Amino acid sequence: PVDLMRQQLLSLGATPMARLPHHGHVTTAGMVVARQRPPTAKGFAFYVLEDGPLRMQVVISPDLWERERDLLREARVLLVRGFIEKR
């Protein structure tokens, strides 16, 4: 499904997950395939985004969750900017 929006996402500055570096600041996008906000996580939320065969976990801070709660609850696709760490 992300391939259907690839050109629009590229125009917004999103790098496909297959081309992301191993660390650093990135902008990427993916289809939301899982959401968690466990009570033991001190307000952090954890989303899994999918871009073709690749998946990425996104950690959402409590302050961002509070500001964008409605959007985050309903979004099917997210464009995210943040810091990446591959281990």
Side-chain angles (χ1 to χ4, degrees):
V2 175
D3 286 339
L4 298 173
M5 302 179 347
R6 182 74 60 204
Q7 289 305 314
Q8 183 179 7
L9 294 171
L10 289 171
S11 72
L12 293 170
T15 302
M17 287 184 195
R19 293 192 210 141
L20 289 174
H22 291 285
H23 65 279
H25 291 279
V26 299
T27 300
T28 193
M31 185 174 67
V32 177
V33 295
R35 295 176 171 92
Q36 292 184 344
R37 193 163 180 263
T40 57
K42 300 180 182 176
F44 285 88
F46 305 93
Y47 279 39
V48 176
L49 303 184
E50 182 178 277
D51 180 0
L54 300 176
R55 290 185 174 196
M56 167 185 287
Q57 184 178 52
V58 175
V59 179
I60 299 167
S61 66
D63 60 320
L64 179 59
W65 175 264
E66 289 303 319
R67 279 194 320 268
E68 303 294 341
R69 175 189 332 211
D70 292 337
L71 176 120
L72 290 167
R73 284 183 177 163
E74 299 298 323
R76 304 276 185 215
V77 175
L78 285 178
L79 176 81
V80 295
R81 291 186 178 105
F83 189 81
I84 190 170
E85 291 181 1
K86 288 186 182 178
R87 295 184 189 180

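The model shown is predicted, which means the values in this text are computed figures rather than measured ones. All residue numbers in this chain count up from 1 along the given sequence.
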Visitor: Please write out which residues are connected to Phe83 in a hydrophobic cluster, directly or through intermediates, given that two of Ile, Leu, Val, Met, Phe, Trp, Tyr count as joined at side-chain heavy-atom separations below 4.5 angstrom.
Guide: none
Visitor: List the steps and the verdict of side-chain contact (heavy atoms from CB on, under 4.5 Å) for Arg37 and Phe46.
Guide: CA-CA 6 Å; Arg37 193 163 180 263; Phe46 305 93; over 6 Å; no
Visitor: Keeping the roles fixed (side chain from Arg35, backbone from Leu72), state whether a donor-acceptor pair exists under 3.5 Å.
Guide: yes
Visitor: Does a side-chain N-to-carboxylate-O contact under 4.0 Å join Arg6 and Asp51?
Guide: yes
Visitor: Identify whether Leu79 and Ile60 are in the same connected component of the hydrophobic contact network (ILVMFWY, side-chain heavy atoms under 4.5 Å).
Guide: no
Visitor: State yes or no: do Phe44 and Tyr47 share one hydrophobic cluster built from I, L, V, M, F, W and Y residues joined by side-chain heavy-atom distances below 4.5 Å, directly or via other members?
Guide: no
Visitor: Is there a path from Trp65 to Met56 through hydrophobic residues (I, L, V, M, F, W, Y) whose side chains come within less than 4.5 Å of each other?
Guide: yes
Visitor: Does any non-hydrogen side-chain atom of Glu50 lie less than 4.5 Å from one of Val33?
Guide: yes
Visitor: Please tell me if the side chains of Val32 and Val48 come closer than 4.5 Å, counting only heavy atoms from C-beta onward.
Guide: no
Visitor: Could you tell me which non-hydrogen atom of Ala75 sits nearest to which non-hydrogen atom of Leu78, and how far apart they are?
Guide: CB-CD2, 3.5 Å
Visitor: Take atom CD in Glu74; do more than 12 heavy atoms of anything else shown fall under 6.0 Å from it?
Guide: no
Visitor: To the nearest 0.5 Å, what is the distance between NE2 (His25) and CZ (Arg81)?
Guide: 13.0 Å
Visitor: If you group Ile, Leu, Val, Met, Phe, Trp and Tyr by side-chain heavy-atom gaps below 4.5 Å, do Val58 and Leu64 land in one group?
Guide: yes
Visitor: Which one of Ile84, Val2, Thr28, Val26 satisfies the side chain to side chain contact (heavy atoms under 4.5 Å, CB included) criterion with Met17?
Guide: Thr28
Visitor: Decide whether Leu54 and Val80 are clustered together by the hydrophobic rule: side chain heavy atoms of Ile, Leu, Val, Met, Phe, Trp, Tyr closer than 4.5 Å, transitively.
Guide: yes
Visitor: Could you grab the distance from atom CZ of Arg67 to atom OG of Ser61, nearest 0.5 Å is fine?
Guide: 6.5 Å
